[in-house]
Amino acid sequence: MTLFANSPVKSFVVARVASGLVSIFFISFLVFLGTSMLPGDAANALLGQNATPETVLALRTELGLDQPLPVRYFHWLGNALHGDFGTSLSNAQPVINLLVPRLINSLILAFSAAAIVLPLAVGIGLLAAINRGKALDTATGSISAIFLSMPSFLIGYLLVFIFAVKLGLFPPLSMVRSSASLPTWISALTLPVLTLVLVAQAHVMKLTRAAVLGVMSSDYILMAETKGIPRNRIILKHALPNALSPIVSICMITMAYLIVDVVVIEAVFNYPGMGKLMVDAVAYRDIPMVLACGVLFSTIFISLNFTADLLAMLVNPRQRLPRKGN
Amino acid sequence: MSSKLTLTVSLAVLATMAAAAILAPVLAPFPPNEMVHAAFDAPGVGGVLGADGLGRDMLSRILYATRYTFVATLIATTLACMIGVSLAIIAGLSKGWADIIIGRAVDILMSIPQIIFALIILAIAGVSLTTLILTMAVLQSSTYYRVTRPIAGDLAAMEYVEVGRLRGERLHWYLFKEILPNMVPSLLAQFGLGLSSAALFISSLSFLGIGIQPPAADLGGLVRENALALSTGRLTPLIPAFCIALFCLSVNGIVDWLVGRFSDKPDVK
């Protein structure tokens with residue numbers, strides 16, 4: 001047996017990928033079970049006014065709705081793995097065609113926000129930890145407590161009120177077409193991205209501060225302090241490398257939450273992303289669309305969380321090597 | 001010192017909001033769903049806080065909305081706590097296959113983003129207040145489970161509990177005398193955090209139009225109804241959202257005090 005065969009990293013990857021897949025199966029099967037209990041089905045919904053017993057029966061056979069539930073589920077799953085999520089009930093177009101451009105828009109939004117918020121908030125969290133108990137720490141702590149108590153749509157609308165209604169700098173709504181020019185895109189993206197940044201920064205800052213302070217309370221830091229090493233040097237040279245693992249994982253988890261936070265933010269700004277698509281689909285009870293969006297959101301969320309734990313493990317040598325003895 | 005002040009202010013704010021919610025029918029100057037003013041009347045002209053786009057009185061609607069948000073939040077959080085703690089005790093005491101199944105189920109629940117899960121359930125079951133509250137209770141129960149499961153497991157393994165078991169004490173003896181009292185400190189803090197996250201969650205869903213249905217509206221629903229009026233340069237459409245923020249801020253203030261009180265570490269600030 002090689003060393004790697006026993007390594008915790010490998011068994012960790014196997015276990016987590018398996019449990020992630022179970023979660024995704026679970027959520028998709030749940031929707032299947034739920035939809036099968038609904039009165040009426042996709043055939044009724046598609047035919048609408050034209051539904052007669054004969055046409056419904058014919059369409060049911062055509063769609064495979066007369067098959068037992070497990071058969072239909074694995075049929076759907078097989079198609080989904082090939083990118084075929086069925087036909088939207090409200091739009092009569094393939095779900096995947098409607099989904100992909102919206103997914104790209106959401107990713108643009110979430111990644112722009114992440115690119116700003118991660119360095120910014122990790123920096124502030126570090127500064128707060130270095131200045132623990134001082135004015136800067138108290139101030140950033142209170143500000144983040146306020147932001148953590150605000151619903152994200154309040155933050156969004158306050159920005160709209162200040163920058164769109166009062167100052168007229170940016171459009172209040174962000175209904176961009178993908179063919180729009182770059183300046184249009186930037187001006188449409190500014191307020192939603194800023195909202196996401198404000199929503200996420202409090203979390204990232206708080207967690208980073210806690211991670212650094214957690215490391216600061218270990219014995220070897222006390223040792224360094226008693227040796228008379230200046231505090232700033234202790235934090236940068238001794239504490240930070242060991243806090244890196246939690247910080248990396250905080251960053252990835254933030255990404256995962258940003259992907260989900262877009263659901264509310266997109267509604268505030270009418271931004272054409274996947275969150276808005278899913279909310280509209282829920283309102284119309286467009287089940288194939290809800291299912292596809294739900295599975296996609298969950299997959300992205302679960303993968304990012306998995307990456308968070310994996311990176312944290314790889315950054316921390318103690319977790320990377322197989323344990324000796326106990 | 002200052003944490004005592006935070007506590008006093010938080011309690012005062014919560015008491016005021018609770019009074020507003022309970023006394024809404026007495027305090028509201030107008031029926032919440034009737035058009036008593038001209039559309040978009042300014043504050044002071046039609047009612048204290050003005051009117052919405054249909055001429056309904058904003059103050060009355062906010063009072064009733066506070067009621068909806070309070071009731072939904074309280075019921076959902078209490079249910080979540082009861083489900084989570086019961087599962088934790090069952091898992092902790094049985095330690096067999098029940099423990100494994102409950103543990104895996106909670107893992108799955110926690111690995112799916114909550115709002116996505118709620119959207120899927122509401123799409124299937126249809127949008128109603130009952131579905132909303134039940135969905136939230138199930139989703140949030142996982143956090144209570146996570147907090148109390150280790151406590152239940154530790155306590156069940158304690159020698160005096162085993163002795164009690166051997167002595168033939170009934171289940172409710174170690175449940176009510178030993179296990180539940182020991183969970184109270186961590187549960188209280190978790191319950192507070194649960195209240196504020198439930199309030200934010202319900203408000204967000206209502207804001208998205210898939211919570212409490214019109215003409216009734218909770219605080220999030222009111223923001224959705226009136227958001228367009230922001231373009232007139234008035235901040236009144238955001239008052240309901242500020243109420244949510246105030247509620248969460250106060251609850252979190254109390255939680256901080258509780259955590260500080262029950263924590264053994266002297267250096268917690």
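First the proteins, then the strands, lettered A, B, ... as listed; each starts at 1.
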Bottom line for A/Leu148: the part with an atom under 4.5 Å from chain B's heavy atoms is backbone
Would you say B/Arg224's side chain and B/Phe207's backbone share a donor-acceptor pair under 3.5 angstrom?
yes
Show the nearest heavy-atom pair for residues A/Asp137 and A/Arg132, with the distance to one decimal.
OD2-CA, 3.5 Å
Which bit of B/Leu230 comes within less than 4.5 Å of chain A, counting heavy atoms only: side chain, backbone, both or neither?
both
Please identify, among A/Asp261, A/Ile259, A/Ile302, A/Asp286, the residue contributing the most non-hydrogen atom pairs under 4.5 Å to chain B.
A/Ile302
In terms of heavy-atom proximity below 4.5 Å to chain B, should A/Phe301 be classed as side chain, backbone, both, or neither?
side chain
Counting only non-hydrogen atoms closer than 4.5 Å, does A/Ser19 touch chain B with its backbone (N, CA, C, O), its side chain (CB onward), both, or neither?
neither
B/Ser197 vs B/Gln140, test: side-chain hydrogen bond (donor to acceptor under 3.5 Å, both in side chains). Steps then yes/no.
CA-CA 9 Å; B/Ser197 71; B/Gln140 301 220 322; 3.2 Å; yes
Which bit of B/Ile210 is near chain A, if near means a heavy-atom gap under 4.5 Å: side chain, backbone, both or neither?
side chain
Determine whether A/Ser23 and B/Ser111 satisfy the following criterion, side-chain hydrogen bond (donor to acceptor under 3.5 Å, both in side chains), listing intermediate values before the conclusion.
CA-CA 7 Å; A/Ser23 299; B/Ser111 71; 2.7 Å; yes
Engaged part of A/Val282 at the chain B interface, taking heavy atoms whose separation is under 4.5 Å
both
Which atoms of B/Arg104 come close to chain A, meaning under 4.5 Å heavy atom to heavy atom: side chain ones, backbone ones, both, or neither?
neither
Quick check on B/Phe242 against chain A: is it the side chain, the backbone, both or neither that has a heavy atom closer than 4.5 Å?
both
B/Ser206 side chain to B/Ser203 main-chain N or O, any donor-acceptor pair under 3.5 Å?
no
Side chains of B/Gln213 and B/Ser128 only: does a donor on one sit below 3.5 Å from an acceptor on the other?
no
Identify which of A/Tyr284, A/Phe306, A/Phe297 forms the greatest number of heavy-atom pairs closer than 4.5 Å to chain B.
A/Phe297
Measure distances from A/Met278 to the heavy atoms of chain B and classify the residue's part below 4.5 Å as side chain, backbone, both or neither.
side chain
Among A/Leu291, A/Val160, A/Leu158, A/Val22, which residue forms the greatest number of heavy-atom pairs with chain B at distances under 4.5 Å?
A/Leu158
